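Read through the structure below, which is laid out as structure tokens, and then see the notes.
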Amino acid sequence: MSLQGKVAFVTGGSRGIGRACALVLAEAGADVAVGGRDEARLGAVAAEIEASGRRALPVSVDLTQADQIKTAFAQVMSAFGRLDILVNNAGVTRDGLLLRMKDEDWSQVLQTNLTATFRCTQAAVKIMLRQRYGRIVNLSSVVGLTGNPGQANYVASKAGIIGLTKSVAQEVAKRNITVNAVAPGFVDTAMTQALPEAARAKLLERIPMGRVGLDREIALGVRYLASDEAGYVTGQVLHINGGLYM
């Protein structure tokens, strides 16, 4: 699954699944732009990519700001001259039961997870239509299909990403642009590491494979969907969850 000669942009690329995606895409031969707000972490990931022999571009961007998204894509095009792969990974949580959830917690999650995915996809498609080639991979979540108490905002955003994926896939398929989603289960990242031990043990009981996933395992699925080998795959949701949802 060589990505030699391809250019990728990974949002939320400074840590966790996003960082893993950036590194795995670089391993496959892509030059990679990594977007996020933590400039120090972005620089560290860019250094890792360059150490593997690929070009890298750290892009400081607040994805809740439409003008910053436009600037970020302009930076990628200025640096690389093309964009073949977009990985919409950036996401936040603001958990709370429905009756206690504040409007700002709802808005922040939807703006970062769903609206930013829409805006980034729109910006990428404008470029990819001219190229008549593109791969867009959106990070959803297992809870976008199962629901999860205390996460109405997060679940709504991740379910919305699946609907967005399927709609855009139908709009751009004839231009050799594929749009797919990856729905991870519970992955060993800072988000799940913050769970209390009792909650973590209870969670593991629900996973047939008896363990949480690794960020690299998610990234390998992203790499497949970003490759030419997946050229006839579009509008799909790839579930990587250890059997939690089947």
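What you see below is based on every heavy atom in this structure, not just the backbone, and it leaves out hydrogens, waters and symmetry mates. As the structure is a prediction and not an experimental result, all values here were calculated from the model.
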> Where do Val34 and Val59 land on the side chain to side chain contact (heavy atoms under 4.5 Å, CB included) test, with the steps shown first?
Replying inline: CA-CA 6 Å; Val34 286; Val59 179; over 6 Å; no
> Between CZ of Arg94 and CD of Glu104, what distance do you get to the nearest 0.5 Å?
Replying inline: 10.5 Å
>> On a heavy-atom basis, which atom in Phe9 and which in Gly35 lie closest, and how many Å separate them?
In response: CE1-N, 3.6 Å
> Would you find a donor on one side and an acceptor on the other, under 3.5 Å apart, between the side chain of Thr234 and the backbone of Val179?
Replying inline: yes
> Residues in side-chain hydrogen bond (donor to acceptor under 3.5 Å, both in side chains) with Glu39, at least two apart?
Replying inline: Ser60
>> Is there a side chain to side chain contact (heavy atoms under 4.5 Å, CB included) between Val222 and Leu139? Walk through the geometry before answering.
In response: CA-CA 9 Å; Val222 170; Leu139 269 293; 4.3 Å; yes
> With side chains defined as the heavy atoms from C-beta onward, is the minimum distance between Leu129 and Ile177 less than 4.5 Å?
Replying inline: yes
> So, Thr189 and Asp215: side-chain donor and acceptor under 3.5 Å apart, yes or no?
Replying inline: no
>> If you compare all heavy atoms of Lys174 against all heavy atoms of Arg132, which two are closest, and at what distance to 0.1 Å?
In response: O-NH2, 4.0 Å
> Is the shortest side-chain N to carboxylate O distance from Arg19 to Glu48 below 4.0 Å?
Replying inline: yes
>> Side chains of Asn180 and Val237, heavy atoms from C-beta outward: is any pair under 4.5 Å?
In response: no
>> Looking at Tyr224, is its backbone amide N or carbonyl O close enough to the side chain of Ser227 to form a donor-acceptor pair, meaning the two atoms are under 3.5 Å apart?
In response: yes
> When you look at CG of Asp67, are more than 12 heavy atoms from neighbouring residues, nucleotides or ligands closer to it than 6.0 Å?
Replying inline: yes
>> Which heavy atom of Gly231 sits nearest to which heavy atom of Thr178, and what is that distance?
In response: O-CG2, 3.8 Å
>> Can you confirm whether Val125 sits close enough to Ile136 that some side-chain heavy atom of one is under 4.5 Å from a side-chain heavy atom of the other?
In response: yes
> What heavy-atom pair brings Ala28 and Met1 nearest, and what distance separates the two atoms?
Replying inline: CB-O, 3.7 Å
> For Lys126, does its backbone N or O pair with a side-chain atom of Arg130 as donor and acceptor, under 3.5 Å?
Replying inline: yes
>> Please determine whether the number of non-hydrogen atoms from other residues, nucleotides or ligands lying under 6.0 Å from atom CE of Met209 exceeds 12.
In response: no
>> For Leu25, is there any backbone N or O sitting under 3.5 Å from a side-chain donor or acceptor partner on Arg223?
In response: no
> Counting only heavy atoms not in Arg100, do more than 12 fall under 6.0 Å of its CZ?
Replying inline: no
> Taking only residues two or more places apart in sequence or in another chain, which ones pass side-chain contact (heavy atoms from CB on, under 4.5 Å) with Glu50?
Replying inline: Ala56
Per-pair distances, 0.1 Å, donor-acceptor, side chain in residues 238-246, under 3.5 Å, sequence neighbours excluded:
residue: Asn241; atom: OD1; partner: Gly243; partner atom: N; Å: 2.8
residue: Asn241; atom: OD1; partner: Leu244; partner atom: N; Å: 3.1
residue: Asn241; atom: ND2; partner: Tyr245; partner atom: O; Å: 3.0

>> Run the side chain to side chain contact (heavy atoms under 4.5 Å, CB included) test on Gln151 and Val109 for me, step by step, so that the C-alpha distance in whole Å, both residues' side-chain angles and the decisive distance to 0.1 Å come before the verdict.
In response: CA-CA 10 Å; Gln151 287 194 311; Val109 171; over 6 Å; no
>> Distance check, rounded to the nearest 0.5 Å: Lys158 atom NZ versus Thr93 atom OG1?
In response: 10.0 Å
>> Pairing donors with acceptors under 3.5 angstrom, does anything connect the side chains of Thr165 and Asn138?
In response: yes
Could you tabulate the donor-acceptor pairs under 3.5 Å formed by side-chain atoms of residues 80-87, not counting sequence neighbours?
residue: Arg82; atom: NE; partner: Asp84; partner atom: OD1; Å: 3.0
residue: Arg82; atom: NE; partner: Asp84; partner atom: OD2; Å: 3.0
residue: Arg82; atom: NH2; partner: Asp84; partner atom: OD1; Å: 2.6
residue: Asp84; atom: OD2; partner: Val7; partner atom: N; Å: 2.8

> Quick one: side-chain hydrogen bond (donor to acceptor under 3.5 Å, both in side chains) partners of Asp228, sequence neighbours excluded?
Replying inline: Tyr133
> Judged by atom type as modelled, is there a donor-acceptor pair below 3.5 Å linking the side chain of Ser157 to the main-chain atoms of Tyr154?
Replying inline: yes
>> Could you report the tightest heavy-atom contact between Asn113 and Ile161, atom names first, then the distance?
In response: O-CD1, 3.4 Å
> Can you check whether Asp95's main-chain N or O pairs, donor with acceptor, with Asp105's side chain at less than 3.5 Å?
Replying inline: no
>> How long is the straight-line distance from CD1 of Ile49 back to CG of Leu57, given to the nearest 0.5 Å?
In response: 9.5 Å
> Looking at side-chain heavy atoms only, is the closest gap between Val182 and Ile218 below 4.5 Å?
Replying inline: yes
> Does the Asp188 side chain pair with the main chain of Val212, one donor and one acceptor, at a distance under 3.5 Å?
Replying inline: no
> Does a side-chain heavy-atom distance below 4.5 Å link Leu110 with Asn153?
Replying inline: yes
> So do Arg15 and Asp38 actually touch side chain to side chain, heavy atoms under 4.5 Å?
Replying inline: yes
> Is there a chain of hydrophobic side chains (I, L, V, M, F, W, Y, each step under 4.5 Å between heavy atoms) that links Leu203 to Leu214?
Replying inline: no
>> Would you say that more than 12 heavy atoms from the other residues, nucleotides or ligands in this model lie under 6.0 Å from the CZ of Arg37, or not?
In response: no
> If you take all heavy atoms of Cys21 and Val10, which pair is closest and at what distance?
Replying inline: CB-CG1, 4.3 Å
>> Taking the side chain as everything from C-beta on, heavy atoms only, tell me whether Cys120 gets closer than 4.5 Å to Thr11.
In response: yes
> When clusters are formed from ILVMFWY side-chain contacts under 4.5 Å, directly or step by step, what else is grouped with Leu220?
Replying inline: Val24
